[in-house]
Undergrad: 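Have a look at this one.
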Amino acid sequence: MMALALTLAVLCACSEGPKPAPESEAVPPVSSAAPAPRLAAAPLARPAPDSGSVPARATADPLWITVPVALRLPGLTSVQTAPSWEARVAALPPPDQAYLEEVRERYFGTLAFQDEAEQRELVRQGFPMPEEWLAARELPTSELERLADAGSVKARMFYIDRVSQEIGPRQARGDGLDPSLPDERALLGRIGRASAMTSELLRRSRSPFAAYVVGRFLSAMSHGNPPEPFAASFLMADRLGHRRAMELQKQFLTAHPGTDASAIMTHYSALRSAFERR
């Protein structure tokens, strides 16, 4: 077994899928820097006809919120309004409730909203709602990758999240990967593809949730799943306009005492550099 502390070049070389476009680069390690002012979130796009892997819903009903075209999972054009994340999840079957609760915990409450106005803001900013998580769960990894390669920002979020789910537990245990084994070589390929998507996801989406997705991926890729990369993602999400980011970061740091502040700033600098790269 070989250790998983491989360079991105090795990861990409192990990939069995198509190589990423030249501009798709992994988040680089760079020196720390102070937080920068927030950036304006991407404007709400006018909905347009769409088709794809997920059955679409009509958007005329005021009980549904249109997802911006640039930030939707192909085919899923709208999501249902709700007074809170918890209320929306409570209306679903128990297996879906259990899955979505795990998702909420995975992202430390960043997906939660407490009224319809906040829900609409999160949808505009690209945060996936319960319907989108459930729709993505039903898609094979190969289909998520196809949609991501076709340019879907939301599919890239879900693809990176899925790879994080695959590699995170192994890195937490300190397990290695053996590229001579077909299944593990395929996983190395998916890791390479997800790594290549990170910078472009931040740049193209301008979504605060993209910062959380990338921060969690960097944590999952590291031995022991250290909290610092995800802690840094709150700073980037705040810069991109998530109003609750700093409040949630305080809660996260309380839940993870002993977190290295210098490492957090180094990871934040890498996220910011990836976002600003042209």
Side-chain angles (χ1 to χ4, degrees), residues 47 50 52-57 59 63-116 118-148 150 152-169 190 194 197-198 201-202 205 207-217 219-220 230 233 237 242 244-245 248:
D50 192 12
S53 303
V54 183
R57 287 189 181 273
T59 59
L63 297 179
W64 293 82
I65 303 170
T66 299
V67 180
V69 173
L71 295 172
R72 66 177 53 158
L73 190 65
L76 189 60
T77 60
S78 59
V79 295
Q80 188 172 340
T81 59
S84 68
W85 171 278
E86 292 78 10
R88 179 69 186 97
V89 171
L92 298 169
D96 292 342
Q97 292 182 32
Y99 170 72
L100 290 167
E101 175 60 19
E102 188 276 328
V103 167
R104 188 189 67 80
E105 292 179 357
R106 188 189 309 168
Y107 286 98
F108 205 77
T110 58
L111 292 160
F113 54 91
Q114 299 305 317
D115 54 46
E116 184 181 325
E118 186 177 11
Q119 182 189 19
R120 289 182 179 277
E121 179 179 19
L122 294 185
V123 170
R124 179 178 61 84
Q125 291 180 324
F127 285 74
M129 292 294 109
E131 295 93 331
E132 295 173 289
W133 284 102
L134 295 175
R137 181 183 60 173
E138 301 305 314
L139 295 177
T141 301
S142 58
E143 178 65 4
L144 275 180
E145 182 175 353
R146 185 189 70 79
L147 293 172
S152 170
V153 165
K154 196 64 69 68
R156 286 176 180 164
M157 290 180 179
F158 288 127
Y159 184 84
I160 295 171
D161 172 78
R162 186 168 295 181
V163 174
S164 297
Q165 283 292 92
E166 289 187 274
I167 194 59
R190 292 193 293 277
M197 291 179 189
T198 54
L201 175 63
L202 285 166
S205 70
S207 168
F209 190 69
Y212 295 129
V213 169
V214 175
R216 182 172 174 273
F217 175 73
S219 177
F230 194 70
S233 70
H242 186 206
R244 296 178 57 233
L248 289 168

Undergrad: How far apart are the closest heavy atoms of Pro74 and Leu147, and which atoms are they?
TA: CG-CD2, 3.9 Å
Undergrad: Do the side chains of Met129 and Leu122 get nearer than 4.5 Å, heavy atoms only?
TA: yes
Undergrad: Using side-chain contact (heavy atoms from CB on, under 4.5 Å), reason through Phe127 and Tyr212 one step at a time and then give a plain yes or no.
TA: CA-CA 10 Å; Phe127 285 74; Tyr212 295 129; 4.0 Å; yes
Undergrad: Of all residues at least two apart in sequence or in a different chain, which pass the side chain to side chain donor-acceptor pair (under 3.5 Å) check with Tyr107?
TA: Asp161
Undergrad: Can you find a pair of side-chain heavy atoms, one from Arg190 and one from Tyr159, that are under 4.5 Å apart?
TA: yes
Undergrad: Shortest non-hydrogen contact from Arg216 to Ser164?
TA: NH1-CB, 3.0 Å
Undergrad: Could you pull out all residues at least two apart from Glu102 that satisfy side chain to side chain donor-acceptor pair (under 3.5 Å)?
TA: Arg106
Undergrad: Is any side-chain heavy atom of Trp133 less than 4.5 Å from a side-chain heavy atom of Tyr99?
TA: yes
Undergrad: If you measure from CD on Gln165 to CZ on Phe158, what distance do you get to the nearest 0.5 Å?
TA: 12.5 Å
Undergrad: Where the side chain of Glu143 meets the backbone of Leu139, is there a donor-acceptor pair that is under 3.5 Å apart?
TA: no
Undergrad: Just so I know, are the side chains of Glu166 and Val163 near enough to count as touching, which here means a heavy-atom distance under 4.5 Å?
TA: yes
Undergrad: Within a strict 4.5 Å, meaning less than it, do heavy atoms of the Val214 and Ser233 side chains meet?
TA: no
Undergrad: Side-chain contact test, heavy atoms from C-beta onward, threshold under 4.5 Å: evaluate it for Val153 versus Leu201 and give yes or no.
TA: yes
Undergrad: What pairs with Glu116 under side chain to side chain donor-acceptor pair (under 3.5 Å), at least two apart in sequence or on another chain?
TA: Arg120
Undergrad: Name the one of Arg72, Lys154, Arg88 that satisfies salt bridge (Lys or Arg N to Asp or Glu O under 4.0 Å) with Glu132?
TA: Lys154
Undergrad: Test of understanding: with side-chain contact (heavy atoms from CB on, under 4.5 Å), list the residues that count as partners of Ala148, not counting sequence neighbours.
TA: Ala155, Arg156, Met197
Undergrad: Are the side chain of Gln125 and the backbone of Ser207 linked by a donor-acceptor contact shorter than 3.5 Å?
TA: no
Undergrad: Of the non-hydrogen atoms in Pro130 and Leu100, which two are nearest, and what is the gap between them?
TA: CB-CD1, 3.8 Å
Undergrad: Is there side-chain contact between Val67 and Leu76, with heavy atoms separated by less than 4.5 Å?
TA: no
Undergrad: Looking only at heavy atoms, what is the nearest atom pair of Ala82 and Phe113, with distance?
TA: O-CE1, 3.5 Å
Undergrad: Mind checking what makes ring-ring contact (aromatic ring centres under 6.0 Å, His included) contact with Phe217, not counting sequence neighbours?
TA: none
Undergrad: Any donor-acceptor pair under 3.5 Å linking the side chain of Glu118 with the backbone of Ser84?
TA: no
Undergrad: Can you name the side-chain contact (heavy atoms from CB on, under 4.5 Å) partners of Arg104, sequence neighbours left out?
TA: Trp85, Glu86, Glu101
Undergrad: Which heavy-atom pair separates Pro128 from Leu111 by the least distance, and what is that distance?
TA: O-CD2, 3.4 Å
